[in-house]
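One structure below.
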Amino acid sequence: MKIVVVGGVAGGASAAARIRRLDAKAQIVMFERGEHVSFSNCCLPYHLSGAVANSDALILMTPERFHKQHDIDARTNSEVIAINRAEKTVTVKNLCTGETYAEAYDKLILAPGANPIMPRSIAGIDRENVFAIRNVTDIRALKAYLDRPGVNRIVVVGGGFIGIEAAENLREAGKDVSIIEGMDQIMAPFDYDMAQILHKELDDHGVHLYLNSTLTAIAEGYVQAAKDGKTFDVQADAVIMAIGVAPDTKLAVEAGLEIGETRGIKVNHNYQTSDPDIYAVGDAVEIFNALTHKPGRLALAGPAQRQARAAADHIYGIPHNNTGYIGSSCVRIFEQNAAATGLNEKAAEKAGFSYDSVLVFPPDKVGIMPGSHYMAFKLIFEVPTGRILGAQAIGKGAADKRVDVIAAMITMGATLEDLKELELCYSPVFGTAKDVVNQAALVGLNVLYGRFRQVHVSEVRALVEQGAYIVDVREANEYAAGHLNGAHNIPLSQLRERMAEIPHDVPVYVHCRSSQRSYYAICCLQGNGYDNIINISGSYLGISLYEYFNDKTQGRTPIMNVYNFN
């Protein structure tokens with residue numbers, strides 16, 4: 001059997017390697033239009049800071065090693081320009097010589113990936129100081145330009161994974177970095193309340209963040225952007241375009257293959273296209289979301305590798321259980337580790353779920369241990385079933401570990417009750433006996449079963465401005481160090497003797513530092529006949545993190561006298 005693979009890296013190279021493991025005699029030809037057939041896409045931005053010092057280290061496999069180790073004919077600088085389905089051949093152009101030729105196939109696997117979006121409507125988009133990050137050639141060219149004398153002010157357009165990783169590494173390299181983002185937040189997998197923590201982290205490390213702003217032009221020494229109908233300039237010696245990617249479907253479209261509603265190549269359960277002899281995997285294909293059961297696209301290496309294996313297996317009659325994707329991802333932004341899986345609130349609402357969420361700030365390890373820090377953890381669940389829909393975690397500790405747990409639970413269809421009972425590893429240096437995820441499940445169950453009511457951090461500003469009755473149950477010294485405007489300080493240690501100060505005839509909102517003591521206060525008050533008590537989810541720490549960046553950048557009147565991030 002002769003199998004032709006179009007595209008290398010996670011999708012194509014993984015498919016070719018799997019085929020070789022299944023069939024020692026198959027003829028495998030892999031075409032890659034770039035210089036390198038297998039490289040670490042995800043590590044590319046880390047060359048900018050020197051974390052990956054030598055760009056050669058980004059190259060995982062060469063054509064020579066593919067041939068010697070796997071007997072795979074990998075041809076670089078070779079662009080497949082047409083698929084001739086009737087003849088079962090592809091037309092290949094040698095980009096070094098300009099020669100074109102036909103290559104026959106029995107089975108064809110498309111893994112063309114996705115292309116960075118470079119809007120032609122932006123004046124100056126073709127300037128020599130404008131870059132995208134897709135491959136090793138791109139990152140080498142960018143690094144060489146950044147190393148020129150006087151190239152210090154860098155504008156990154158787009159606040160997704162590539163843009164944020166590039167910004168972090170450029171700042172680590174000592175550059176003056178600005179991010180222009182069209183939405184009201186960076187990192188779309190995270191909800192707005194969680195993204196505020198990331199905004200603060202960028203701001204704390206000197207990254208200039210322009211939200212709700214769009215790039216309109218690139219000129220000598222600066223770029224022009226627009227916000228709320230007004231234009232402004234940002235100084236720039238170099239510009240990195242990272243506003244997203246578009247699936248590379250040109251070959252598929254010209255070959256008459258079916259394209260899905262999300263503009264990716266439409267594939268079936270086994271990653272076959274509308275032509276059963278042609279498969280497609282990776283960033284260019286349309287797949288389905290396991291939670292919403294709707295089509296979507298996911299440009300991540302892990303799913304691409306699993307798709308590649310599944311396609312190769314199907315060619316050889318090996319069954320595959322296609323469970324769809326849930327979208328698990330993580331990123332480091334300076335000192336904060338952030339991870340997300342499943343649906344955030346925006347996605348859950350769009351999909352029509354009845355849902356709720358809880359936000360907790362427990363320690364990521366036992367508090368007396370060195371390095372203990374809060375973990376901001378948000379858990380989204382279906383109402384009334386309690387089925388887990390998604391989670392987001394941000395902290396200096398192992399955010400990825402906590403979200404990986406939730407990813408596994410979502411895949412198994414677990415509920416809050418299942419998560420509550422989940423037995424996890426424990427040592428004081430790694431976590432707490434009741435881990436972050438267990439605590440979130442317990443809080444979620446309290447909300448789901450109506451044991452107490454809550455408001456989210458996004459609602460607190462309005463409560464303060466309206467003069468709502470808010471009780472701060474932290475100790476007097478904590479209150480004195482910073483509190484919500486107009487809040488009444490009744491420490492938990494004094495609550496029973498001062499209970500008469502709390503009214504019965506208006507809603508009473510209770511908070512502490514992280515919602516643990518406020519929960520104890522609610523239990524006490526409800527046990528003494530109060531039915532008007534409402535918990536502030538996230539409490540003072542969550543409110544501080546939510547309000548800080550917007551207060552600083554938008555000139556809003558703070559609703560607290562001191563922000564507290566500890």
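Every value quoted in this text rests on a predicted model; they were computed, and no experiment measured them.
- Within a 6.0 Å sphere centred on NZ of Lys346, heavy atoms belonging to other residues, nucleotides or ligands number more than 12.
- Salt bridge Asp56/Arg140: present, at least one basic N to carboxylate O contact under 4.0 Å.
- Residue Leu146 comes nearest to Ala238 through the heavy atom pair CD2-CB, 4.2 Å, listed as atom of the first residue, atom of the second, then distance.
- Ring geometry for Phe39 against His36 counts as perpendicular: the plane angle is over 60°, on a 0 to 90° scale with 30° as the lower cut.
- Considering CD1 of Ile536 and NE2 of His456, their distance stands at 12.0 Å, rounded to 0.5 Å.
- Cation-pi check for Lys200 over Tyr548 is met; the charged atom lies under 6.0 angstrom from the ring centroid and within 45 degrees of its normal.
- Arg332 has no carboxylate O lying under 4.0 Å from a charged side-chain N of Glu201, or vice versa, which leaves the two without a salt bridge.
- A donor-acceptor pair under 3.5 Å links the side-chain atoms of Thr432 to the main chain of Lys434, judged by distance alone.
- Salt bridge status for Arg297 with Glu286: absent, with no side-chain N to carboxylate O gap under 4.0 Å.
- Ring planes of His511 and Tyr540: parallel class, angle under 30° (limits at 30 and 60°).
- Side chains of Tyr210 and Lys227 form no contact here, defined as non-hydrogen atoms less than 4.5 Å apart.
- Few gaps surround CD on Gln554; more than 12 heavy atoms of other groups in view lie less than 6.0 Å from it.
- Taking the six-membered ring for Trp and the full ring otherwise, the centers of Tyr355 and Phe381 sit at least 6.0 Å from each other.
- Remark: the backbone N or O of Gly8 is paired with a side-chain donor or acceptor of Glu32 at under 3.5 angstrom.
- A distance of 4.5 Å separates CE of Met118 from CD1 of Ile125, quoted to the nearest 0.5 Å.
- Checking side-chain atoms of Gln224 against main-chain N and O of Asp233 turns up no donor-acceptor pair under 3.5 Å.
- Remark: His373 NE2 is packed, more than 12 non-hydrogen atoms of other residues, nucleotides or ligands lying under 6.0 Å away.
- Counting non-hydrogen atoms of other residues, nucleotides and ligands closer than 6.0 Å to CD of Glu349 gives a total of 12 or fewer.
- With a 4.5 Å cut-off on side-chain heavy atoms, Ile287 and Leu298 count as touching.
- Side-chain contact check for Glu35 and Thr137: at least one donor-acceptor pair (N or O, by modelled atom type) lies under 3.5 Å.
- Distance alone, capped at 3.5 Å, is enough to place a donor-acceptor pair between the Arg134 side chain and the Ala114 backbone.
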Derivation and outcome, side chain to side chain contact (heavy atoms under 4.5 Å, CB included), residues Leu359 and Val457
CA-CA 9 Å; Leu359 176 61; Val457 290; 4.3 Å; yes

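- Side-chain contact between Leu389 and Ile410 is absent, with no heavy atoms from C-beta onward closer than 4.5 Å.
- Here the closest non-hydrogen pair linking Gly159 and Ile186 is O-CB, 3.5 Å.
- Phe161 and Cys330 get closest at one heavy-atom pair: CE2-O, 3.7 Å.
- Gln185 contributes a side-chain N or O that, together with a main-chain N or O of Tyr192, makes up a donor-acceptor pair within less than 3.5 Å.
- Arg402 and Phe430 make their closest contact through NH2-O, 3.6 Å (heavy atoms, listed as atom of the first residue, atom of the second, distance).
- Aromatic ring centres of Phe377 and Phe361: separated by at least 6.0 Å.
- At distances below 3.5 Å, at least one donor-acceptor pair connects side-chain atoms of Asn169 with backbone N or O atoms of Glu165.
- In this structure, the separation between CD1 on Ile139 and SG on Cys43 is 11.0 Å, given to the nearest 0.5 Å.
- The side-chain heavy atoms of Leu419 and Leu379, taken from C-beta on, include a pair separated by under 4.5 Å.
- Within the 4.5 Å cutoff, the side chain of Val207 has heavy atoms near those of the Phe334 side chain.
- Using a 4.0 Å cut-off between charged nitrogen and carboxylate oxygen, Arg148 and Glu128 count as a salt-bridge pair.
- Taking 4.0 Å as the cut-off between side-chain N and carboxylate O, Lys175 and Asp237 do not count as a salt-bridged pair.
- Counting only distance, with no hydrogens or angles, the side chain of Asn438 and the backbone of Leu422 share a donor-acceptor pair below 3.5 Å.
- Taking a cutoff of 4.0 Å between a charged side-chain nitrogen and a carboxylate oxygen, Arg153 and Asp176 do not qualify as a salt bridge.
- Contact check for Asn566 versus Asn564: side-chain heavy atoms found under the 4.5 Å cut-off.
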Candidate pair Arg513 and Tyr374, rule side chain to side chain contact (heavy atoms under 4.5 Å, CB included), full reasoning:
CA-CA 11 Å; Arg513 173 191 168 273; Tyr374 73 79; 4.1 Å; yes

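- Annotation for Ala166 and Ile133: closest pair CB-CD1, 4.2 Å, computed over non-hydrogen atoms.
- Under the side-chain contact (heavy atoms from CB on, under 4.5 Å) rule, Leu343 has a single partner from Ile388, Ile380, Ile326, Leu291, which is Leu291.
- Atom CG in Leu541 sits 9.0 Å away from atom CZ in Phe565 (nearest 0.5 Å).
- Of the possible donor and acceptor atoms, none in the side chain of Ser38 sits under 3.5 Å from a partner among the backbone N and O of Leu60.
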His205 and Gln336: CA distance, side-chain angles, deciding distance, side chain to side chain contact (heavy atoms under 4.5 Å, CB included) verdict:
CA-CA 11 Å; His205 286 82; Gln336 296 285 0; over 6 Å; no

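- Of the possible polar contacts, one joining the Ser372 side chain to the Lys365 backbone as a donor-acceptor pair under 3.5 Å is found.
- One finds the CZ atom of Arg474 at 8.5 Å from the SG atom of Cys512 (value rounded to the nearest 0.5 Å).
- When every heavy atom of Thr323 is checked against every heavy atom of Ala290, the shortest pair comes out as O-CB, 3.2 Å.
- Residue Met369 qualifies as enclosed at atom CE: its count of foreign heavy atoms under 6.0 Å is above 12.
- In this structure, the side chain of Thr62 engages the main chain of Arg65 through a donor-acceptor pair within 3.5 Å.
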Tell me, with the steps shown, if Tyr426 and Val366 meet side chain to side chain contact (heavy atoms under 4.5 Å, CB included).
CA-CA 10 Å; Tyr426 163 63; Val366 172; 3.7 Å; yes

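- Ion pairing of Asp193 with Lys378 is present here, as a side-chain N (NZ or NE/NH1/NH2) and a carboxylate O approach within less than 4.0 Å.
- In this structure, the ring of Phe288 has its center no less than 6.0 angstrom from the ring center of Tyr325.
- At least one side-chain heavy atom of Arg263 sits under 4.5 Å from a side-chain heavy atom of Pro247.
- Here Asp364 does not pair with Lys401 in a salt bridge; the nearest charged N to carboxylate O distance is not below 4.0 Å.
- A 4.5 Å side-chain heavy-atom check between Ile180 and Val156 finds every atom pair outside the cut-off.
- In this structure, OG1 in Thr553 is found 8.0 Å from CG in Leu209, a value given to the nearest 0.5 Å.
- Using a 4.0 Å cut-off between a side-chain N of Lys or Arg and a carboxylate O of Asp or Glu, Arg556 and Glu547 qualify as a salt bridge.
- Remark: Arg33 engages Asp248 in a salt bridge, criterion side-chain N to carboxylate O under 4.0 Å.
- Asp191 and Gln392 are linked by a side-chain donor-acceptor pair at a separation below 3.5 angstrom, with hydrogens and angles left out of the test.
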